Structures are given as C-alpha cells and as structure tokens.
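The structure appears right after this line, and notes come after that.
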Protein chains: 2
Amino acid sequence: MTQPTARTRRLNGLRPTLEDVARGSGVSKSTVSRVINGEGKVRAEVVERVREVVAELGYVPNSAARQLVTRRNNAIAVVASQPQNRLFIDPFFDLHLRGIRKELVAHGAQPVLLFLEEEEEYPRVGDFLGGGHVDGALLFSLRACDPLPGMIERLGLPAVFGGRPLVRGGETLRECVYVDADNRGGAREAVRHLVSLGRERIATITGPYDQEASAVDRLDGYRDVLLDSASPELIERADYTRQGGAEAMAALLDRRPDIDAVFVASDLMASGALQVLRERGLRVPDDIAVVGFDDLAPIAEHTDPPLTTVHQDIEGMGRLMARLLFSRTDDPGAPEPSAAEPGALSSVVTPTRLVARHSA
Amino acid sequence: MTQPTARTRRLNGLRPTLEDVARGSGVSKSTVSRVINGEGKVRAEVVERVREVVAELGYVPNSAARQLVTRRNNAIAVVASQPQNRLFIDPFFDLHLRGIRKELVAHGAQPVLLFLEEEEEYPRVGDFLGGGHVDGALLFSLRACDPLPGMIERLGLPAVFGGRPLVRGGETLRECVYVDADNRGGAREAVRHLVSLGRERIATITGPYDQEASAVDRLDGYRDVLLDSASPELIERADYTRQGGAEAMAALLDRRPDIDAVFVASDLMASGALQVLRERGLRVPDDIAVVGFDDLAPIAEHTDPPLTTVHQDIEGMGRLMARLLFSRTDDPGAPEPSAAEPGALSSVVTPTRLVARHSA
DNA sequence: ATGAAAGCGCTAACAC
DNA sequence: GTGTTAGCGCTTTCAT
C-alpha cells in the first residue's frame with residue numbers, strides 16, 4: 001500500500017471522507033462524488049486522479065450519509081423467523097435462500113440475513129427494518145400468525161413473502177405480495193396419480209396445518225380429489241420433519257392397516273415414512289404406494305425406492321421473490337400494492353408437476 | 001391504530017421524523033431525542049405525551065441519521081465465507097452461530113448475516129463492511145487465504161475471527177484477534193488415549209490442511225505424540241465431510257489393512273469412517289479403535305458404536321467471540337490491537353477434553 | 001465540466 | 001428540564 005502523502009493525508013484521525021479525497025486530488029466534493037458514482041461528465045484525466053487518491057486513502061463511502069440523502073442503501077433484508085436449526089436442516093431453505101441470494105447479487109444488492117428465533121427479537125428487528133438499513137425485505141419461513149407482515153405493512157417497507165403468510169384471525173393485510181407454489185394443485189395431482197394407480201384407501205400425512213399455509217393447501221388438494229372418501233382416520237398431521245413423518249406413518253398403520261397408498265406432504269417426512277414402512281416389512285409400492293412433495297433432489301433421488309413426488313422450482317421461487325421486490329424498489333414512484341389499485345403488483349403462484357420415480 | 005390528528009400529521013409524504021414528533025407533542029427535537037434514547041431528565045408527563053405521539057405516528061428513528069452523528073449502529077456483521085450449503089449441513093456452524101447470536105442479542109446488538117460464496121462478492125461485502133452499516137464484524141468459516149482479514153484490517157473495523165485464519169504467504173496481519181479451540185492439544189489427547197489403549201498402528205484422517213488451520217493443528221497434535229511412527233502411509237487427507245471421511249477410511253484400509261486405530265479429525269468424517277468399517281466387517285473398537293473430534297451431540301451420540309471424541313465448547317466459542325468484540329466496540333477509545341501494544345486484546349484458545357464413549 | 005451551498009434526520013454541546 | 005445550534009458525510013440543484 002502507498003504511504004499517504006502530505007497532500008492526501010486525512011485531517012481527522014478517522015476514516016477518510018469525500019472531503020479528504022477532494023482535497024487530495026484538488027477538486028471539489030461534487031466532482032469526487034460524480035467520479036465515485038460514475039455519473040455526470042468528468043474529464044478522464046480528473047477521473048483517474050481521483051481514483052488514485054481513493055485507492056491511496058482506502059476511501060469507502062459512508063453509506064449512512066449517502067442513505068440520508070438518497071434514501072437508498074443497496075441492501076435488502078432476508079428475514080427468516082424460524083428456529084435457526086430447522087432452517088439449517090431442511091434442504092428447502094438452502095435452495096430457497098440460494099435463489100434469493102443469486103438474484104439479489106445479480107442486481108448488485110447486498111443481501112443481509114436476519115434470523116428471528118425468539119418472541120423478544122421482533123421489536124429489535126422491526127426497528128432495524130424500519131430504520132432505513134435496507135431498501136426492502138424478503139421474508140420466508142414465517143411462523144404462524146407472524147407479526148412481521150403487519151409490522152412491515154405499518155413501516156411501509158417494500159416486501160415480498162415466500163409462501164402465503166397465515167394471518168391472524170382479526171388482522172387484515174391490505175395486500176401482501178407473495179410467491180408460492182401451487183400447493184393445492186400439486187397435491188391434487190399427487191392424489192389423482194394414486195387413484196389412477198387403482199389405489200383405494202389413500203391416506204395422507206400432512207404438514208403442520210395450524211402453522212403453515214402450504215400444509216393447509218396440500219391437505220385441501222388431497223380432499224379435493226378424495227371428497228367423502230377422505231375419512232379423518234386416513235389423515236395424520238405431522239410437522240414437516242423426518243421424525244414426524246415416521247411417527248405419523250406408524251400411527252396411520254396402527255389405525256388402518258389396510259391402507260394401500262399415502263400422500264406425504266413433504267419429502268423429508270416421506271423419507272421417514274419409507275423407513276417405517278421398510279421396518280414393518282411393507283413393500284413400496286407393491287403394498288403401499290407413496291408420493292411425496294417438494295422434489296428435493298438430495299432426498300427424493302436417494303430414498304429406497306426413489307420417491308415419486310411433486311416438483312416445485314424452489315430456487316426459481318426465490319429468484320422470483322427478489323425480482324418482484326426490485327420491481328417495486330427500483331421505481332420509487334411505483335404504485336403501492338393496494339386493493340384500490342389492483343394488478344399493480346401481485347402475488348405469483350408457480351406451477352408444480354409430478355415426478356414419477358419408483359415409490360408410486 | 002389511531003388516526004393521525006391534524007396536530008400530528010407529518011409534513012411530507014414520507015416517514016415521520018423527529019421533527020414531526022416534536023411538532024406533534026409541542027416540544028423540541030432534543031427533548032424527543034432524549035425520550036427516545038431514555039437519556040437525560042425529562043418530565044414524566046412530557047415523556048408520556050411524546051411516547052403517545054411516537055406510537056400514533058409510527059415513528060421509527062432513522063438510523064442512518066443517527067449513525068452519522070453517533071458513529072454507531074448497534075448492528076454487528078456475522079460473516080461466513082463458505083458455500084452456503086456446507087454451512088447448512090455442518091452442525092458445527094449451527095452451534096457456532098447460535099452462540100454468536102445469543103451473545104449479540106443479549107447485548108442488544110442486531111446480528112446481520114453475510115454469506116460469501118463467490119470471489120466476486122468480496123468487493124461488495126467489503127464496501128458494506130466499510131460503509132458504516134455495522135459497528136464490528138465476527139467472521140467465521142473463512143476459506144484459505146481469505147482476503148477478508150486483510151480487508152478488515154485496512155478498514156479498521158473491529159473484528160474477531162472464529163478459528164485462526166490461515167494467511168497468505170507474504171501478507172502479514174498486524175494482529176488479528178481470534179477464538180479457537182486447542183486443536184493441537186485435543187488431538188494429542190486423542191492419540192495418547194489410543195496409545196494408552198495399547199494400539200500400535202494408529203492412522204489419522206485429517207481435515208483439509210491446505211485450507212484450514214484447525215486441520216493443520218490437529219495433524220500436528222497427532223504427530224506430536226507419534227513422532228517417527230507417524231508414517232505418511234498412516235495419514236490420509238479428507239475434507240471434513242462425511243463422504244470424505246468414508247473415502248479416506250477405505251483408502252487407509254486398502255493401503256494398510258493392519259491398522260488398529262484411527263484418529264479422525266472431525267465427527268462428521270468419523271461417522272463416514274465408521275460406516276466403511278462396518279461394511280467391511282471390522283469391529284469397533286475391537287479390531288479398530290476410532291476417536292473423533294468436535295463432540296457434536298447429534299452425531300457422536302448416535303453413531304454405532306457411540307463415538308469417543310474430543311469435546312470443544314462450540315457455542316461457548318461463539319459467545320466468546322462476541323464478548324471479545326464488544327470489549328472493543330463498547331469503548332471507542334480502547335487500544336487497537338497492535339504489536340506495539342501487546343496484550344491489549346488478544347486471541348483466546350479454549351480448552352478441549354476427551355469424551356470416552358464406546359468407539360475407543 | 002466543475003464548484004458552492006443547501007440540507008437529509010439525528011445527537012450533543014451548550015445555553016437558559 | 002428544555003430549547004438552540006452546529007454539524008456528521010454525502011448528493012444534488014443551481015450557478016458558472
């Protein structure tokens with residue numbers, strides 16, 4: 001690194017400012033600002049000199065000062081309000097987050113991750129989100145009746161949700177933009193497939209439908225197809241974990257040893273269910289056909305037998321969330337999503353499709 | 001929510017400012033500021049009125065403005081420069097991050113996570129870190145010769161590293177503060193244990209010692225004990241993954257079928273090694289004794305047989321990192337860590353201990 | 001093409 | 001106790 005010369009030495013003991021760079025290169029702050037932001041017309045010669053001084057001083061723009069006037073930060077919050085370890089275990093989040101990050105980065109925005117585990121963290125996170133640190137927020141994996149959607153709306157912060165948020169009874173969100181898979185349609189397809197295979201006693205292992213909209217929707221899809229034959233006896237609720245799937249499968253088998261198929265609302269749960277089936281000496285798909293949901297490659301391709309499941313483009317959904325957000329933050333005058341102005345910016349439901357492997 | 005009255009309606013169309021609150025409650029900005037920050041003496045009556053108006057307006061302080069004058073943000077960056085999915089799979093990071101977050105939150109600081117996967121992301125992240133968004137940084141899981149330590153030092157941003165960073169050949173960090181386990185000592189203890197069991201041909205499966213200091217140190221510990229009997233034939237390098245551990249075990253067995261013990265430098269790798277041993281019909285610990293490293297409960301307690309391993313307090317190390325950082329950020333006048341001023345703030349090596357289960 | 005000056009929203013002396 | 005004032009570092013008209 002070059003030693004700062006007298007000409008460029010900074011005044012105070014702190015980090016160099018625009019002023020320091022201006023002084024060092026013998027131009028005004030405005031000019032330096034123009035160079036930094038690659039804007040207006042500046043003589044090439046001047047540009048170069050300024051650049052040198054910037055490098056020499058190790059100048060980095062203070063984004064607080066910048067934010068104060070531009071009201072932009074080039075940073076987007078990515079918020080997950082779930083126990084961190086659940087996030088770390090489930091491949092779904094890995095993919096989802098990867099899609100989000102890719103698109104954010106491609107757009108030159110800095111993704112800033114916020115995890116919320118405890119109730120008490122909401123106020124602090126709310127202040128952070130409202131404090132102007134970020135230009136917008138992408139939220140996923142919210143818990144049931146999460147206060148976040150309401151807080152976000154009150155703050156007026158542009159946001160897009162991953163998965164339709166389950167809202168509190170009374171509260172009504174003016175309009176919240178989300179990206180979700182066609183959970184209901186996918187579930188219907190899965191169950192229809194089982195029906196087409198001639199299965200007659202089709203059970204289901206659901207997600208936590210008191211907690212997540214996706215679980216509700218997948219169960220609804222199951223019911224759509226089975227109608228009255230969807231006896232409560234054939235429905236067992238679990239929690240989207242492998243262990244939960246295994247327990248639910250066991251419960252189902254104990255209650256109704258005659259079932260010949262099961263639609264499991266997630267691949268992770270399905271892998272648990274398959275294990276129980278194997279332990280009990282039941283052949284898949286001969287004795288019992290199994291269909292999962294998610295199509296997480298690391299799981300579905302390596303179960304025994306490989307899992308027939310409903311595919312959703314998880315990474316693509318992440319990217320879509322980011323793109324939707326930018327469509328709002330890029331244009332400050334853009335229409336706020338509101339009931340009064342419909343279609344300005346609306347939620348997206350992405351398609352799903354059945355991937356037939358060997359379990360059904 | 002109360003409807004803003006004429007008295008409190010904000011002037012511009014944007015978010016309410018201190019000024020708006022002041023106007024609304026008939027006091028000066030300073031007073032409002034005092035109330036918000038719970039500082040100086042303000043009449044209880046006034047406090048209440050201001051609070052009301054704040055709630056009514058949904059006022060949230062603009063932290064850019066605040067940062068500009070206080071030079072603090074109450075946010076700490078937590079940076080991991082590893083492929084995100086590696087982070088998501090390894091329980092080590094989950095624990096480490098949990099410790100970090102707990103301590104940060106307890107201190108009222110907002111943890112802000114930054115993942116770096118690609119080379120190209122460094123400049124953007126550097127600008128973010130240097131831009132005043134955060135008061136300090138906690139970095140872990142750096143890649144080999146990561147440019148981050150150098151960047152951080154140049155920026156003068158207070159930082160603490162998780163694990164001793166491996167530095168580029170030429171470059172010399174003035175002094176970088178880190179928290180690390182006593183990897184070398186732990187490895188020594190593990191190998192000594194095997195020796196005390198009467199094992200004579202003790203192999204080792206190492207981590208990526210070209211990438212991580214911990215791998216170097218654990219290998220050094222192995223050599224410390226075995227000295228000349230540490231033949232290169234008994235050493236197999238892997239990459240801290242389960243799969244890598246399995247492959248290394250196979251390679252070792254092919255090369256030296258006579259080994260009677262193996263020190264595996266991580267639990268994840270050890271679980272892979274145990275599987276290979278089982279597949280080959282070798283009994284553990286009868287035929288081959290195995291000792292791991294990390295003591296990750298979800299792994300070590302559930303291997304077959306349960307794994308004897310070296311325990312390190314991962315969560316505690318995370319907390320310690322945060323505490324070390326605060327000791328610097330809390331006191332702006334605090335001594336910068338520098339060779340000239342030794343002991344002002346130095347790295348910490350935390351103890352390890354052997355946990356005997358059944359694999360050795 | 002470049003400079004001067006105003007001001008973003010807030011805190012921190014300092015007066016009263 | 002409370003108000004006044006002066007910036008923090010930057011972008012942005014508006015002159016020139």
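Since the structure is predicted, the reported quantities are computational estimates derived from the model, not experimental observations. Every chain is numbered from 1 and lettered A, B, ... according to where its sequence line falls, protein lines coming before strand lines. For the numbers below, each heavy atom of this structure counts, side chains included, while hydrogens, waters and symmetry mates do not.
- Among the nucleotides D:dT11, C:dT2, D:dG3, the one closest to any side-chain atom of A:V42 is C:dT2.
- Rounded to an integer number of Å, the gap from CD of B:Q67 to P of C:dC8 is 19 Å.
- Computed from coordinates, the A:R23 CZ to C:dG3 C1' distance equals 15 Å when rounded to whole Å.
- Atom CG of A:N37 and atom P of D:dG9 are 17 Å apart (whole Å).
- Without hydrogens or angle criteria, A:R49 side chain to A:V27 main chain gives no donor-acceptor distance under 3.5 Å.
- Using the six-membered ring where Trp is involved, B:F140 and B:F93 have ring planes that are tilted, between 30° and 60° apart.
- Considering only side-chain atoms of A:R66, the nucleotide from D:dT4, D:dT11, C:dG3 that sits closest is D:dT11.
- One can place CG of A:N74 at 15 Å from C1' of D:dC10, the figure rounded to the nearest angstrom.
- Side-chain to base pairing of B:R34 with D:dG3: one donor and one acceptor N or O lie within less than 3.5 Å of each other.
- For D:dG1, the OP1/OP2 oxygens have no side-chain nitrogen or oxygen of B:R43 closer than 4.0 Å.
- Looking at the side chain of B:R71, the nearest of the listed nucleotides D:dC8, C:dA12, C:dT2 is D:dC8.
- Nucleotides of DNA chain D nearest to A:A65 and B:K29 differ in position, and the one nearer the 5' end is that of B:K29.
- With respect to B:E121 and B:R124, a salt bridge is recorded, a charged nitrogen being found less than 4.0 Å from a carboxylate O.
- In this structure, B:D20 atom CG and C:dG9 atom P are separated by 8 Å, rounded to whole Å.
- Contact annotation for B:S30: base contact, defined as any heavy-atom pair under 4.0 Å involving a base atom.
- For the atom pair A:H133 NE2 and A:I76 CD1, the distance stands at 14.0 Å (nearest 0.5 Å).
- Under 4.0 angstrom from either OP1 or OP2 of C:dG9 there lies no side-chain N or O belonging to B:R15.
- A:K29 and A:L18 make their closest contact through O-CD1, 3.8 Å (heavy atoms, listed as atom of the first residue, atom of the second, distance).
- The 5' end of DNA chain D is approached more closely, in terms of each residue's nearest nucleotide, by B:V46 than by the other of B:V46 and B:L68.
- A:L18 has its CG atom 12 Å from the P atom of D:dT12, to the nearest Å.
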(request) Apply the test side-chain contact (heavy atoms from CB on, under 4.5 Å) to residues B:L157 and B:D135: give CA-CA distance (whole Å), side-chain angles for both, the deciding distance (0.1 Å), then the verdict. (result) CA-CA 7 Å; B:L157 188 72; B:D135 303 333; over 6 Å; no
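- Taking side-chain N and O atoms only, B:T70 has no distance below 4.0 Å to OP1 or OP2 of C:dT11.
- When each of D:dG7, D:dG1, D:dT12 is scored by its nearest atom to the side-chain atoms of B:V69, the top-ranked nucleotide is D:dG7.
- In this structure, CZ of A:R72 is placed 14 Å from P of D:dT11, rounded to the nearest angstrom.
- Contact annotation: A:N62 does not reach the phosphate of D:dC8 (side-chain N/O to OP1 or OP2, under 4.0 Å).
- Listed pair A:T17 / D:dG9 fails the phosphate criterion, with no side-chain N or O lying under 4.0 Å from OP1 or OP2.
- If you take CZ of A:R49 and C1' of C:dT2, they are 12 Å apart, rounded to a whole angstrom.
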